[in-house]
Every structure is written in structure tokens, then in C-alpha cells.
Q: 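Just dropping this structure here.
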Amino acid sequence: MNRSISRMIGMMVAVTVGIASEAGAAVKLPSVFSDHMVLQRDMAVPIWGTAAPGEKITVKFRDQEQTTTAG
């Protein structure tokens, strides 16, 4: 189960960064977000990174979607 969650997080990060890259955004995630990362069951998974001020950021994982704007 951890392996499948890890792969899904990796794909989510790749898709999010890929979409942002196509739009010309400079969204950067820390190196901790990568393939083979370990997630703890039943715990929140905070996502952080950097982007240009005013950049709209959307993170999708399974049936969840969160959107924010970089400050």
C-alpha cells in the first residue's frame, strides 16, 4: 500500500509541475517530494514549495483537490 501511495504522490507532483511548466510558471517543489517517498497511514500530507507571487497552485490527489495562490 505504501508503494502505491508513493507512486500516486510522485505522479501528482509530476503532473502538477508539468501543468505549471506548460503554462510558463516557475513552481518548485522541495526534493523531499520524489519517487519512493514514504507516507504514514492516516496522517495529513502537507505540500509546500515556491512559486511567483500571485501564481495559482492546484494540488490533486485521489479524490481531493486543494487550490491556493502564492504570496
Side-chain angles (χ1 to χ4, degrees):
M1 174 114 160
N2 281 343
R3 182 173 275 182
S4 64
I5 291 174
S6 175
R7 286 183 183 170
M8 291 185 81
I9 289 284
M11 287 187 293
M12 173 191 66
V13 170
V15 168
T16 302
V17 172
I19 290 170
S21 296
E22 288 179 20
V27 176
K28 295 180 184 176
L29 295 169
S31 61
V32 70
F33 296 109
S34 64
D35 292 340
H36 311 296
M37 65 186 288
V38 177
L39 302 176
Q40 184 154 350
R41 175 183 276 173
D42 300 324
M43 296 295 293
V45 180
I47 306 292
W48 68 94
T50 59
E55 186 77 38
K56 182 180 174 184
I57 308 297
T58 301
V59 176
K60 299 177 184 179
F61 179 65
R62 292 188 175 174
D63 60 344
Q64 299 178 39
E65 180 176 322
Q66 297 292 319
T67 300
T68 190
T69 303

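Because only heavy atoms are used, hydrogens play no part in the values below, and waters and symmetry mates are left out as well, while side chains stay in.
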Q: Please report the closest heavy-atom contact between Ala51 and Ala70, naming both atoms and the distance.
A: CB-CB, 3.9 Å
Q: CD of Gln66: more than 12 outside heavy atoms within 6.0 angstrom?
A: no
Q: Measuring from Ile47:CD1 to Thr68:OG1, what's the distance to the nearest 0.5 Å?
A: 13.0 Å
Q: With a 4.5 Å cut-off on side-chain heavy-atom distances among I, L, V, M, F, W and Y, is there a chain of contacts connecting Val59 to Val32?
A: yes
Q: Could you state whether Leu29 and Trp48 fall into the same hydrophobic cluster, counting links through intermediate Ile, Leu, Val, Met, Phe, Trp or Tyr residues with side-chain heavy atoms under 4.5 angstrom apart?
A: yes
